[in-house]
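Worth knowing before you read on, the calculation uses all heavy atoms, side chains too, and leaves out hydrogens, waters and symmetry mates. Because the structure is predicted, anything quoted here is derived from the model rather than measured. Each chain gets a letter, A, B and so on, in the order its sequence line appears, and its residues count up from 1.
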Amino acid sequence: MSLHAVIEVERGGFSLDIDLTVEAGETVAVLGPNGAGKTTLLRALAGLVPIAGRVELDGDVLDDSAVGRHVPTEERRVGIVFQDHVLFPHMTVLENVAFGLKRDRSRVARGWLDRSGLGDKAGVMPGELSGGQAQRVALLRTLVTEPRLLLLDEPLAALDVSVRAEVRRELSRQLAGFTGIRILVTHDPLEAIALADRLVVLEQGKVVQTGLPSEVTARPRSRFVADLAGVNLLRGTGKDDHIELDGGEVLAAPESGEGDVFAVIHPRAVALYLARPEGTPRNVWRARAEDLDLRGERVRVRLSGPVPLVAEVTPSAVRDLRLDAGAEVWVAVKATEISVYPA
Amino acid sequence: MALAAAGLLLFLLPLAGLIARAPWNQVGTELVATETATALGLSLFCSLTATAVALVLGIPLALVLSRTTGTLRGVLRALTTLPMVLPPVVGGVALLLAFGRSGLIGSPLHQLFGLQIPFTTTAAVIAETFVAMPFLVIAVEGGLRSLDSRYEESARALGANSWKVFARVTLPLLRPAIFSGAVLCWARALGEFGATITFAGNLPGRTQTIPLAVYVALETRPDGAIVLSLILLAVSLAILIGLRDRWLGAP
């Protein structure tokens, strides 16, 4: 069982252009900023928006615009779970779960509810459930229909932070017992890493990066991913032992190779000084602290200057450097701390 | 402030007049009087039938309206709302010209089947439906437009065909809109005068509904007219109170 999708959707200035293959049993997280086309992708796979292209699931052609084939949503056996559960408000929890069943509806639905520890909610109306419970029921309602492809649209985004972890665990457990293909749309990297085998990063309707979560965060290929991973991402032209940045600055970095490259600098590798540092670092320049943000035990300092970067320092360093928004500092980055890879 | 008070008085004074002049001791006898009972029964029959017809025809029409866009939508919308702004008498004349013995549809109907619609109870029902159905269509269409389409999409993804989606999801979710639309439609049908008297005439027992009876009685038996008016007023108040949560915001 696998999914091959080549999807083009054109709508009011926005275009989605994607080539996606997902293998049997895989959970793929589609990650991207708002407006990247994540939800449109899910809706296209569910057959809810017309597409140009081809979608093949498990050997069945669900969409093929070349021959005018379009299998309607209700015949696809594709399950979709929306952000805010969308349980039918006029039906009990049991009726909601039984909705998609064909035979022995009530007994089967009750069995699923019991196994998920929601048996006592069977007769309750969705409006009386907590957000977490409602989302779990919504997931069950879809799973009982045994979809071949399960689409989850930001399943945890509408929940309170306090219940998110619990529902994520439940989701993770349910997904593990589900044999079909799972595609999860999210803008929360934690959700993606916790639930997915592979990440697909979508920006402005295009896939910018795909791979294991660890690979994607180690070698970001877009500002969005770099921000998620909390690292500085620069782009320029490699010149063996240095990089000419797109902004015109030169950054010393060994083994930079040739051609278009990305350079990643971890914020902890960005050192700040009151006076010009002496000695080894070759990348030194003056910058201005634009703002400071306390993150746990560390302080992230956003710097403007020839190379805009984020530095991460300890609170005591902030005191010693008399750092504040608007303060002038010297910035140093060791050439060996810069990781360079082809763009 | 003074103007607002004057405006309010314009609403209040006629009501006060009606209630002050009401022959309370005669209400009982008027209610059981033959003419009153006949008009009341006929009114209930016609207005309820008109509402039923409006439900059967109006809900599909609202569905079509809510799913069209662009120019077509504008045209359809204008057509369905026209009876709301059209003077009812004009509606009656138009109905007469369409369904009358020499009318567009009336002529073949009469020649082929010997059917004659004007000045029958059927005509009264048609007139009331014509005038009142837009209230239902507008209410249901509004309900459809504010309906989150993801309910229907979820149902489809769960394997429901169009009919099942409509019957089990769309229709139940629309129930509040359908209910308030039907009540409005019924109230409008119950009070219908102009189109009915023009198209259906004023035949006691056949087309003389309460509003027509009030009009006639005002000249011969003013007390009867007042009692009949009170009945209509009571119905209006009951509707207002029944739907107050929906119309007047939070209680």
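At most 12 heavy atoms of other shown residues, nucleotides or ligands fall within 6.0 angstrom of atom CD in A/Gln204. For B/Arg145, the CZ atom is densely surrounded, since the number of other residues' heavy atoms within 6.0 Å is greater than 12. More than 12 heavy atoms of other residues, nucleotides or ligands shown are found within 6.0 angstrom of CZ on A/Phe14. Within 6.0 Å of the CZ atom in A/Arg115, the count of heavy atoms belonging to other residues, nucleotides or ligands exceeds 12.
The minimum heavy-atom distance between A/Ile80 and B/Ala157, with the atom names listed, is CG2-CB, 3.6 Å. Scanning both residues, A/Phe88 and B/Tyr151, for their nearest heavy atoms gives CE2-O, 3.3 Å. Here the closest heavy-atom approach between residue B/Gly159 and residue A/Lys102 is recorded as O-NZ, 3.9 Å.
No salt bridge links A/Glu74 with B/Lys164; every basic N to acidic carboxylate O contact stays at or beyond 4.0 Å.
Among the residues in residues 139-149 of chain A, those with a non-hydrogen atom closer than 4.5 angstrom to a non-hydrogen atom of chain B are A/Arg141, A/Thr142, A/Thr145.
Of the listed residues (A/Leu87, A/Val81, A/Leu151), the one with the most heavy-atom contacts under 4.5 Å to chain B is A/Leu87.
Here the options are A/Leu48, A/Asp153, A/Val86, the test is side chain to side chain contact (heavy atoms under 4.5 Å, CB included), and the partner is B/Arg150; only A/Val86 passes.
For the pair B/Asp148/A/Phe82, no side-chain contact is recorded, criterion being any heavy-atom separation below 4.5 Å from C-beta on.
Both the backbone and the side chain of B/Arg168 have a heavy atom closer than 4.5 Å to some heavy atom of chain A.
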